[in-house]
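None of these values were measured; they are calculated from a predicted model.
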Protein chains: 2
Amino acid sequence: MKSLKKRSLESKGWKVGSAREFLNLSDEEVAYVELKLALSKNLQEYRREKKLTQEELARRLKSSQSRIAKMEAGDPSVSLDLLVRSLLALGASRKHLAQMLS
Amino acid sequence: MKSLKKRSLESKGWKVGSAREFLNLSDEEVAYVELKLALSKNLQEYRREKKLTQEELARRLKSSQSRIAKMEAGDPSVSLDLLVRSLLALGASRKHLAQMLS
DNA sequence: ATATGATATGTCATTTTTGACATAGAGTCA
DNA sequence: TGACTCTATGTCAAAAATGACATATCATAT
């Protein structure tokens, strides 16, 4: 694992395999976190494209503005589930999601 | 929404927008569920390709055999997070995940 | 300057997801 | 037959994610 990337993730509050379990699963953990961050980024772009405020999107999802903000900020407390459901609520298709990944 | 598809999802124990909220958000909900089911399917194939038992995969993930079984069965109690982490643990790349979606 | 609208951040009780466990089915082999 | 391996299914306490709320920050317009 690249120390640099790890450092940058930790700075956002993520726990990236802390010191002792520094091998094996770490790569997958990092891939997972990066995947979520990629979706976060796309979520914000998507929402702005649609000219929606966080509050409006929250209402559609029956969620809350603060949760949307945390999602877009890449907060570790938000699940992939919510990210994906948000993107779908914004009209993203599975094809779109696929493009965000690759 | 196609009644047929809805019926088939409900039969697996999924709650697909029950009767009154039969419009609007339903499509996204269905897309979300189908997405999970697609990953479930791929998970089982992937695991078998790798010649791993559910228990072995569970150990890698620090999860349990029963959870893996539920994932592969498309049980509504499992999150996208766990599905994706499982696929990553099996060596799937983001590109692979993308292909599963599109 | 200050009011207004959007976004960020922290906290917390409630809900959902989790791993663990028990146990049941289903297949194979001696 | 029974022993063995793998998978399915149900339950539940513990852990994680959630929406709601308060409040802070940051523009930008008046």
Whole Å only: how far is the CD1 atom of B/Ile68 from the P atom of C/dG19?
8 Å
Looking at A/Arg47, I'd like to know whether one of its side-chain N or O atoms comes within less than 4.0 Å of OP1 or OP2 on C/dT7.
yes
B/Glu56, CD: over 12 other non-hydrogen atoms inside 6.0 angstrom
yes
Assign each of B/Ser66 and B/Val78 to its nearest nucleotide of DNA chain C by heavy atoms, then name whichever residue's nucleotide is nearer the 5' end.
B/Val78
Applying side chain to side chain donor-acceptor pair (under 3.5 Å) to B/Ser66 and not counting sequence neighbours gives B/Ser64
Check the distance between D/dT18's P and A/Leu80's CG and give it to me in whole angstrom.
10 Å
Do the side chain of A/Lys36 and the main chain of A/Val78 share a donor and acceptor less than 3.5 angstrom apart?
yes
A/Gln65-A/Gln54 side chain donor-acceptor pair, cut-off 3.5 Å
yes
Can you tell me how far apart CG (B/Leu82) and CG (B/Leu61) are? Round to the nearest 0.5 Å.
6.5 Å
A/Met71 CE to C/dA8 P: how many Å, rounded?
12 Å
For DNA chain D, the residues among residues 49-58 of chain B that have a non-hydrogen atom under 4.0 Å from it
B/Thr53, B/Gln54
Can you tell me how far apart CG (A/Leu83) and CD1 (A/Ile68) are? Round to the nearest 0.5 Å.
9.5 Å
Axial bend angle, the helix from C/dA1-D/dT30 to C/dA30-D/dT1: five-pair end segments, nearest 10°:
30°
In whole angstrom, give the distance that lies between atom NZ of A/Lys36 and atom P of D/dA16.
12 Å
Check the distance between D/dG19's P and A/Lys62's NZ and give it to me in whole angstrom.
12 Å
Find the distance B/Leu43:CG to D/dA8:C1' and express it as a whole number of Å.
15 Å
What distance separates A/Ser102 OG from B/Lys95 NZ, expressed to the nearest 0.5 Å?
6.5 Å
For B/Glu45 and D/dT7, give me the distance from atom CD to atom P, rounded to whole Å.
15 Å
Measure across B/Leu43 and B/Leu87 and return the closest heavy-atom pair with its distance rounded to 0.1 Å.
CA-CD2, 3.8 Å
Among the candidates D/dT18, C/dT9, D/dA8, find the nucleotide nearest to the side-chain atoms of B/Ala69.
D/dA8
Rounded to the Å, how far apart are B/Gln65 CD and D/dC4 P?
19 Å
With a 3.5 Å cut-off and heavy atoms only, can you find an N or O donor on one side and an acceptor on the other between the side chain of B/Lys70 and the base of C/dG19?
no
Are OP1 or OP2 of D/dA17 and a side-chain N or O of A/Ser79 less than 4.0 angstrom apart?
no
State plainly whether the residues A/Arg60 and B/Glu28 are in salt-bridge range, i.e. N to O under 4.0 Å.
no
